[in-house]
Amino acid sequence: MEILTFDVSAGRPMEAFGSAGVTAQPLFRGAAVAVTVLSVAAGGEVGRHPAPVDQLLVVTGGHGRVQAGGGDWEAVHAGQAVVWRAGEEHTTRAVEDITAVVIEMAT
């Protein structure tokens, strides 16, 4: 058994894709799945990028907005999840601090 810590202080700053106010804490990496906890500070953003594989963003705290492709921005909050398919361009912005679990699934 292993107990993992995933508060903001345990994460690493993520600046890829022009991201700002984001920390990432990898929890598990396997051949077909990866699990990471993201913390996005209010006003922060995970910059636009294509999903490398199918991604599931499970929002466990806070709220913000998400966009895929050139579509409309949509509100997302704790208790909701967003699915992006491999290759889909997307971004996430935090209105208030967001904590989310990202599950990446190779197909």
Side-chain angles (χ1 to χ4, degrees):
M1 179 173 77
E2 182 179 0
I3 305 293
L4 304 171
T5 299
F6 56 88
D7 60 18
V8 175
S9 66
R12 296 185 320 251
M14 187 182 96
E15 298 173 348
F17 316 111
S19 299
V22 181
T23 60
Q25 175 63 36
L27 295 182
F28 177 82
R29 294 277 183 262
V33 68
V35 180
T36 302
V37 175
L38 285 184
S39 298
V40 186
E45 175 177 300
V46 177
R48 178 171 301 282
H49 64 284
V53 296
D54 288 351
Q55 292 181 332
L56 176 65
L57 176 84
V58 180
V59 182
T60 61
H63 74 276
R65 299 176 67 74
V66 294
Q67 183 186 48
D72 294 333
W73 285 93
E74 297 195 34
V76 65
H77 58 79
Q80 292 185 307
V82 181
V83 175
W84 291 292
R85 298 296 177 191
E88 189 172 16
E89 293 271 335
H90 63 283
T91 189
T92 302
R93 290 182 181 162
V95 173
E96 70 176 23
D97 292 353
I98 290 176
T99 301
V101 177
V102 177
I103 302 167
E104 296 178 308
M105 304 152 284
T107 55

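Nothing fancy with the numbering, it's 1 onward along the sequence.
Applying the 6.0 Å contact sphere to CD of E74 captures no more than 12 heavy atoms from other residues, nucleotides or ligands. The number of heavy atoms from other shown groups lying within 6.0 Å of CD (E89) is above 12.
The nearest pair of heavy atoms linking L56 to A81 is CD1-CB, 3.8 Å. Counting all heavy atoms, side chain and backbone alike, L4 lies closest to L27 at CD1-O, 3.7 Å. Residues P52 and A86 approach most closely at O-CB, 4.2 Å, considering heavy atoms. For the residue pair A24 and L38, the shortest heavy atom distance occurs at CB-CD2, 3.7 Å. Taking both residues in full, the closest heavy atoms of A31 and A106 are given as O-CB, 4.3 Å, listed atom of the first, atom of the second, then distance. A75 approaches R65 most closely through the heavy-atom pair N-NH1, 4.2 Å.
At a threshold of 4.5 Å between side-chain heavy atoms, the hydrophobic network of Ile, Leu, Val, Met, Phe, Trp and Tyr places V101 and V33 in one connected group. By the rule that hydrophobic residues join a cluster once side-chain heavy atoms approach within less than 4.5 Å of another member, V35 and V37 end up as members of one cluster. Neither V59 nor V83 shares a network with the other; the hydrophobic side chains, linked directly or stepwise wherever heavy atoms of I, L, V, M, F, W or Y lie under 4.5 Å apart, form separate groups for each. Taking hydrophobic clusters as Ile, Leu, Val, Met, Phe, Trp and Tyr residues chained together by side-chain heavy-atom distances below 4.5 Å, L57 does not share a cluster with V95. V82 and I98 fall within the same hydrophobic cluster, defined by Ile, Leu, Val, Met, Phe, Trp and Tyr side-chain heavy atoms under 4.5 Å apart, directly or through other members.
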One pair to check against side-chain contact (heavy atoms from CB on, under 4.5 Å): H90 and V66. What are the steps and the verdict?
CA-CA 7 Å; H90 63 283; V66 294; over 6 Å; no

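Between H77 atom NE2 and T60 atom OG1 the span is 13.0 Å, to the nearest 0.5 Å. If you take NE2 on H49 and CH2 on W84, they are separated by 7.5 Å, rounding to the nearest 0.5 Å.
Note on residues 17-32: pairs passing side chain to side chain donor-acceptor pair (under 3.5 Å), not counting sequence neighbours, are R29-T36. For residues 39-48, the salt bridge (Lys or Arg N to Asp or Glu O under 4.0 Å) pairs, not counting sequence neighbours, are E45-R93.
With sequence neighbours excluded, the residues forming a side-chain hydrogen bond (donor to acceptor under 3.5 Å, both in side chains) with R85 are D54, listed by chain and number.
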